[in-house]
Amino acid sequence: MINKLFDGVSSRTILAPMAGYTDLAFRKICHSYGAGLTVTEMVSSKALVMGNELSRKMLTRLPDDGTTFCQIFGHEPSVMADSVRLDEVGQYEGIDINMGCPVRKIVSNGDGSALLESPTLASKCISAVKLAAGDKPVSVKFRLGVSDDKNAVDFVKTCRDAGADFVTVHFRTRRQMYSGTADYTKLPQIASCGIPVFANGDVLSRERYMQLKDSGAYGVSVGRGALGRPYIFAELIGAEYSFDLYSAIRFHTESLVQVFGDRVACNEMKKHIAYYLKGKRNAKNTTVAVMSAKTTAEMLGFVDSFLRDNPQFAAAGSPS
């Protein structure tokens, strides 16, 4: 099934799901730069089933946004299965189950990486979702473990035996959160378990992409490395590209305005713009101004002014 999923796609790359970041516009932008698969922000299966308006609105799609999975989280097999049968989830090409989120409020509720400590329950959740998904692929994203990687291989086998079509492993533990470096020591062993594995964590260069594939990964999943630089997917596979910073920010902003309104879009875009401008000389004052903006027009004005004064940052692309 996974070969069919990536058939005709230029790269075996995934835009990793990131709460607050992989919104409908950012997914489309990353798709345009070669991401083979994008994944939504994680959405509570229980909230979806209970009809939470914001959760359902988060699953809005843009036309021509490429192959996209909906990521759900939860710990009740029947509820997770019911969420998969909803139209909002059914519009996606596949389902990704979050079993890796390390955030305390998620873990304390028994969701996310809490399931690493309950493999039997995790198996039931995967099987229930797979049955509800019908002929659509189901993947599972999780971390190496809670504090070490001693159970990582067994958990991969749990996912495989429960019916997952592939897994994405963030090669950090829950205890690490997002600090330290990803440890790929066990990748060859994990990749030999008979299920395709996407490697996630510190994938920032084509060299790392090739190293991970050579170590047995079917492909790679890119999270924070894509923030502010969605063209990383083109860089990973050595493809030519051109990137216009203002056009990307404007498209991103206007797409969010259409779905969520100007106030919400303005607040959501502030963190994105901070990444788009990160590392650019003289951008600090503009970033501070953007954070105080009350409307998207005001925010875009600050960005436009910065780029007119610093045209060297307006565009990026592959070497000629």
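Values below: all heavy atoms of this structure, side chains included; hydrogens, waters and symmetry mates excluded. We number each residue from 1, following the sequence as shown. Bear in mind the structure is a predicted one, so any value in this text is a computation, not a measurement.
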What pairs with Tyr276 under ring-ring contact (aromatic ring centres under 6.0 Å, His included), at least two apart in sequence or on another chain?
none

Anything under 3.5 Å between a donor and an acceptor, one on a side chain of residues 191-200, the other on a protein residue two or more places apart or in another chain? List them.
from, atom 1, to, atom 2, distance (Å)
Ser192, OG, Gln189, O, 2.7
Asn200, OD1, Lys141, NZ, 3.2
Asn200, OD1, His170, ND1, 3.4
Asn200, ND2, Ser221, O, 2.8

Sequence-distant partners of Glu268, side chain to side chain contact (heavy atoms under 4.5 Å, CB included), two or more places apart
Leu256, Val264, Lys271

Can you list every salt bridge (charged side-chain N to carboxylate O under 4.0 Å, His left out) pair that touches residues 168-180, not counting sequence neighbours?
Glu117-Arg174, Arg172-Asp202

Do Tyr218 and Phe166 have their ring centres less than 6.0 Å from each other?
no

Joining Ile, Leu, Val, Met, Phe, Trp and Tyr whenever any side-chain heavy atoms lie under 4.5 Å apart, the cluster holding Tyr178 also takes in Met177

List in chain and number order the residues that pass side chain to side chain donor-acceptor pair (under 3.5 Å) with Arg250, two or more places apart in sequence or in another chain; answer none if no residue qualifies.
Glu254

Checking Lys136 side chain against Tyr92 main chain: does a donor-acceptor pair fall under 3.5 Å?
yes

Between Glu76 and Ser45 (side chain of the first, backbone of the second, donor and acceptor by atom type, cut-off under 3.5 Å), is there such a pair?
no

Main-chain N/O of Gly100 paired with Arg143 side-chain donor or acceptor, under 3.5 Å
yes

Which residues satisfy the ring-ring contact (aromatic ring centres under 6.0 Å, His included) test with Tyr21, sequence neighbours excluded?
His272, Tyr275

Using the side chain to side chain donor-acceptor pair (under 3.5 Å) rule, collect all pairs that involve residues 30-42, keeping only residues at least two apart or in two chains.
Thr38-Thr68

Could you list the donor-acceptor pairs under 3.5 angstrom formed by side chains in residues 105-114, with sequence neighbours left out?
from, atom 1, to, atom 2, distance (Å)
Ser108, OG, Arg104, O, 3.0
Ser108, OG, Lys105, O, 3.3
Asn109, ND2, Asp111, OD2, 3.0
Asp111, OD1, His75, N, 3.3
Asp111, OD1, His75, ND1, 2.6
Ser113, OG, Cys101, O, 2.8

For atom CG of Asp87, decide whether the heavy atoms of other residues, nucleotides or ligands shown that lie under 6.0 angstrom number more than 12.
no

Mind checking what makes side chain to side chain contact (heavy atoms under 4.5 Å, CB included) contact with Asp149, not counting sequence neighbours?
Leu144, Ala152, Lys186

Distance-only check: which donor-acceptor pairs under 3.5 Å involve side-chain atoms of residues 291-301, not counting sequence neighbours?
from, atom 1, to, atom 2, distance (Å)
Ser292, OG, Ala289, O, 2.8
Thr295, OG1, Glu298, N, 3.1
Thr296, OG1, Asp262, OD1, 2.5
Glu298, OE1, Lys294, N, 2.8

N/O donor to acceptor pairs below 3.5 angstrom from side-chain atoms of residues 121-128, sequence neighbours left out:
from, atom 1, to, atom 2, distance (Å)
Ser127, OG, Ser123, O, 3.1
Ser127, OG, Ala162, O, 3.1

